[in-house]
Amino acid sequence: MSTTPTADALNAKLQDLQPQHVELINESMNHSGYFEGKESHFKLTIVSDDFEGKRLVARHQLVYGLVNPLLTSQDGQVHALAIHAYTPSEWEGQSPDSPSCAGQNK
């Protein structure tokens with residue numbers, strides 16, 4: 001049995017974009033209400049050819065379209081997903097910091 005079922009489900013859905021790079025970090029421990037094993041806040045860095053010619057909003061829409069069933073608005077577990085989406089030509093190993101969660105970071 002996986003100890004990270006939500007992260008595993010996110011990663012599986014993201015494979016539809018045939019990413020060259022995916023980094024999914026559980027940042028739940030930085031937010032209020034955290035308990036061991038909570039999977040609610042994630043930072044995603046993803047690199048895919050599918051983002052070519054698309055503006056940032058369209059890239060985010062692609063990602064959200066895939067992971068929508070996992071979001072809390074759809075009765076899933078993911079409350080926050082910070083998305084950093086790049087094309088292979090834009091990717092330079094960067095992964096910006098995620099913003100604070102309404103001042104509730106520990």
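One is the number of the first residue; the rest follow in order along the sequence. These values consider heavy atoms only, across backbone and side chains, with no hydrogens, waters or symmetry-generated copies.
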With sequence neighbours left out, write down each residue that passes side chain to side chain donor-acceptor pair (under 3.5 Å) with Asp16, or none if nothing qualifies.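 Per chain and number, Asp16 pairs via side chain to side chain donor-acceptor pair (under 3.5 Å) with no residue.
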
Supply the atom-to-atom distance [X] [atom1] to [Y] [atom2], rounded to the nearest 0.5 angstrom.
X	Y	atom1	atom2	value
Glu52	Glu90	CD	CD	7.0 Å
Leu62	Leu17	CG	CG	6.0 Å
Lys43	Asn26	NZ	CG	12.5 Å
Phe51	Leu56	CZ	CG	9.5 Å
Leu81	His41	CG	NE2	11.0 Å
Asp50	Thr87	CG	OG1	11.5 Å

Do you know the tightest heavy-atom contact between [X] and [Y]?
X	Y	answer
Ile83	His60	O-NE2, 3.3 Å
Ser48	Pro19	CB-CA, 4.3 Å
Arg59	Tyr86	NH1-CA, 3.8 Å

[Y] side chain reached by [X] side chain, heavy atoms, under 4.5 Å:
X	Y	answer
Val78	Val67	no
Leu70	Gln74	no
Leu44	Leu14	yes
Ser40	Gln77	no
Gln20	Asp49	yes

Listed by chain and number, what are the salt bridge (charged side-chain N to carboxylate O under 4.0 Å, His left out) partners of Glu23, not counting sequence neighbours?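 Salt bridge (charged side-chain N to carboxylate O under 4.0 Å, His left out) list for Glu23, sorted by chain: empty.
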
Connected via hydrophobic side-chain network under 4.5 Å: Trp91 and Ile46: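 Result: no, two separate clusters.
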
Run the side chain to side chain contact (heavy atoms under 4.5 Å, CB included) check on Glu39 and Thr4 step by step: do they pass? CA-CA 7 Å; Glu39 293 183 281; Thr4 58; 3.5 Å; yes

If you count every heavy atom of other residues, nucleotides or ligands that lies below 6.0 Å from Gln15 atom CD, does the total exceed 12?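 It does: Gln15 CD has more than 12 such atoms within range.
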
